[in-house]
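Working notes, beginning with the structure itself.
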Amino acid sequence: MRDTATFDLSRSLLAWYDRHARDLPWRVSPADRAAGVQPDPYRVWLSEVMLQQTTVAAVRDYFQRFTARWPDVRALAAAPDDQVMAEWAGLGYYARARNLLKCARAVVDQHDGRFPDSHDALLKLPGIGPYTAAAIAAIAFDRPETVLDGNVERVMARLHDIHDPLPKSKPLLKAKAAALTPDERPGDYAQAVMDLGATICTPKSPACGICPLRDPCQARAAGTQTDLPRKTPKAPKPTRLGHVYIAQRADGAILLERRPEMGLLGGMLGFPGSEWAEDAAEAPPFPADWTLLPAEVRHTFTHFHLILRVWTAAVPADVDPLGLVVMPKHAFRPGDLPTVMRKAHDLWRGSSASGKMDRAGLS
DNA sequence: TAAACGTGGGT
DNA sequence: TACCCAAGTTT
């Protein structure tokens with residue numbers, strides 16, 4: 001049962017959101033929503049998947065390119081896999097792109113091209129977990145679902161001065177968040193809590209002085225806000241070594257490899273090479289006059305550091321090794337590669353920003 | 001349950 | 001530099 005204080009708190013947050021909601025490409029403003037504008041579930045879904053563990057700044061351009069190229073779920077469902085993977089290149093967590101296509105096709109094939117409007121039905125779709133199901137149900141369909149992302153966890157931990165570490169405290173934080181979720185304007189409310197966490201109740205130096213929840217905030221009263229939420233420490237990252245092999249044919253074509261669906265960079269194009277291990281052996285994909293570049297690529301993934309040694313070779317125009325993709329010179333765009341592979345390419349070509357240059361159409 | 005899964009920006 | 005963090009999901 002929502003008491004008066006709870007009601008006031010939700011209302012304060014909504015009032016703050018009405019004044020300070022950020023203007024985001026996928027968002028229907030509170031004013032437009034009040035005027036009856038309904039969000040497009042396709043755009044809500046696409047933005048939420050892109051925003052999983054990814055910043056708004058990184059997502060903006062990708063969202064614009066995706067929606068320009070594939071304006072609705074049917075268009076996306078009909079897109080070739082390699083084009084979608086190439087468009088996702090650089091955004092990371094590539095399982096999201098693979099699941100994005102599976103989900104689009106499931107919506108077309110099983111739901112007549114319309115996203116389901118319930119949390120439970122959304123949860124059954126590929127790439128949609130508890131958070132995203134709640135976010136789509138709330139934001140796109142104005143259902144009173146409770147979103148629990150990193151922002152909401154932080155806001156709730158501080159509001160209630162909860163010191164139990166994540167992820168163990170997640171159920172408690174979810175219960176606290178659910179107790180505040182209003183029946184009115186749940187879509188705006190969900191975005192309001194997340195906006196508060198993203199812009200006011202930030203991890204390092206929260207702007208408590210201008211926070212709409214500063215009075216009821218228990219962590220602020222206790223002075224513990226910057227210590228919360230507590231998290232269980234992470235394991236240190238090991239360093240691994242790898243070799244990649246960049247071959248260019250006399251006709252200009254580059255020899256690439258489509259990585260297997262499962263695992264790191266799954267489904268993405270890359271240069272062929274060795275395993276990435278503590279002491280990986282050289283593994284040229286075919287015999288050639290391989291030359292080792294004098295510098296190395298350093299890259300950090302979620303759970304390990306990588307040092308990549310880059311070998312190059314010029315080969316005859318008729319070389320076409322089994323299992324490799326012959327990418328014609330004019331069709332090859334470094335920006336279609338995952339970032340670690342783009343770094344290897346840039347090291348070879350002596351460039352430093354080919355991905356962004358290509359994507360922005362500046363090169 | 002815990003590990004795998006990317007990348008870029010902030011501090 | 002090194003670590004933290006970001007609108008998490010899958011296995």
Side-chain angles (χ1 to χ4, degrees), chain A residues 22 24-27 43-63 85 88-100 102-103 122-140 145-155 166-168 170 174 177 187 189-199 201-206 226 229-240 259 261-268 270 276 298-306 335 337-343 353 355-356:
Chain A
R22 288 179 292 171
L24 304 174
W26 46 86
R27 172 172 288 175
R43 294 168 64 88
V44 173
W45 162 71
L46 179 60
S47 67
E48 289 300 341
V49 173
M50 286 184 166
L51 287 163
Q52 288 166 5
Q53 296 289 284
T54 309
T55 58
V56 166
V59 165
R60 274 184 195 275
D61 290 349
Y62 282 86
F63 180 83
M85 299 312 287
W88 196 276
L91 196 56
Y93 284 142
Y94 299 99
R96 293 184 295 173
R98 302 193 301 272
N99 285 327
L100 193 78
K102 287 183 195 161
C103 182
L122 287 161
L123 196 53
K124 291 181 165 55
L125 292 167
I128 297 183
Y131 162 77
T132 305
I136 297 172
I139 297 170
E145 298 290 343
T146 300
V147 296
L148 188 68
D149 72 333
N151 290 305
V152 181
E153 287 171 353
R154 186 169 57 255
V155 170
L166 282 164
K168 195 181 289 282
K170 214 167 166 169
K174 175 73 183 261
Y189 176 79
Q191 294 173 93
V193 198
M194 292 190 285
D195 263 26
L196 186 79
T199 63
C201 195
T202 55
K204 300 291 184 186
S205 51
T226 54
R230 291 183 52 197
K231 297 188 176 180
T232 52
K234 294 166 185 170
K237 296 184 206 297
T239 298
R240 297 184 188 170
R259 298 176 63 87
E261 289 278 307
M262 302 303 299
L264 196 63
L265 311 181
M268 299 299 290
W276 296 344
R298 287 174 182 274
H299 190 77
T300 298
F301 293 102
T302 309
H303 54 295
F304 66 94
H305 303 290
L306 177 67
L337 303 177
T339 298
V340 64
M341 295 294 175
R342 205 207 70 222
K343 285 183 179 177
K356 287 184 166 116

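Every value quoted in this text rests on a predicted model; they were computed, and no experiment measured them. Every chain is numbered from 1, with letters handed out A, B, ... down the list of sequences.
- Side-chain contact between Val147(A) and Glu48(A) is absent, with no heavy atoms from C-beta onward closer than 4.5 Å.
- Summarising the geometry, the separation between CD on Glu261(A) and P on dC5(B) is reported as 14 Å, rounded to the nearest angstrom.
- Computed from coordinates, the Leu264(A) CG to dA3(B) P distance equals 17 Å when rounded to whole Å.
- Along DNA chain B, the nucleotide nearest to Tyr94(A) and the one nearest to Ser205(A) differ in position, and the one closer to the 5' end is contacted by Tyr94(A).
- With a 4.5 Å cut-off on side-chain heavy atoms, Phe301(A) and Lys237(A) do not count as touching.
- A donor atom on one side chain and an acceptor atom on the other are not found under 3.5 Å apart for Tyr131(A) and Gln52(A).
- One can place NZ of Lys237(A) at 13 Å from P of dA3(B), the figure rounded to the nearest angstrom.
- To the nearest angstrom, P of dC3(C) lies 18 Å from CZ of Phe301(A).
- In this structure, the side chains of Arg259(A) and Met341(A) come closer than 4.5 Å at one or more pairs of heavy atoms.
- Listed pair His299(A) / dT7(B) meets the phosphate criterion, a side-chain N or O lying under 4.0 Å from OP1 or OP2.
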Return a single string for nucleotides 6-11 of chain C, one symbol per nucleotide in 5' to 3' order, where B is base contact, S is sugar-phosphate-only contact and - is none, cutoff 4.0 angstrom on heavy atoms. BBBSS-
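- Using a 4.0 Å heavy-atom distance criterion, Thr339(A) is classed as a sugar-phosphate-only contact.
- An OP1 or OP2 oxygen of dA3(B) is reached within less than 4.0 angstrom by no side-chain nitrogen or oxygen of His303(A).
- When the P atom of dT1(B) is taken as reference, atom CG of Leu166(A) falls 14 Å away, rounded to whole Å.
- With a 4.5 Å cut-off on side-chain heavy atoms, Trp45(A) and Ile128(A) count as touching.
- The distance between atom CG of Asp61(A) and atom C1' of dG8(B), rounded to the nearest whole Å, is 13 Å.
- Comparing dT7(B), dC4(C), dC5(B) by their nearest atom to the side chain of Lys204(A) picks out dC4(C).
- With P as the reference atom, dG8(B) and dT9(C) are 22 Å apart, rounded to whole Å.
- Partners of Lys124(A) by side chain to side chain contact (heavy atoms under 4.5 Å, CB included), not counting sequence neighbours: none found.
- Of the candidates dC4(C), dT7(B), dG6(B), the closest approach to any side-chain atom of Val340(A) belongs to dT7(B).
- Leu265(A) comes within 4.0 angstrom of the backbone, heavy atoms only, and of no base.
- Per the geometry, NZ belonging to Lys234(A) stands 13 Å off P belonging to dA3(B), to the nearest Å.
- As a whole-Å value, the separation of Phe304(A) CZ from dC3(C) C1' is 18 Å.
- The salt bridge (charged side-chain N to carboxylate O under 4.0 Å, His left out) search around Arg60(A) returns none, not counting sequence neighbours.
- For the C1' atoms, the distance linking dA3(B) with dA7(C) amounts to 22 Å, nearest Å.
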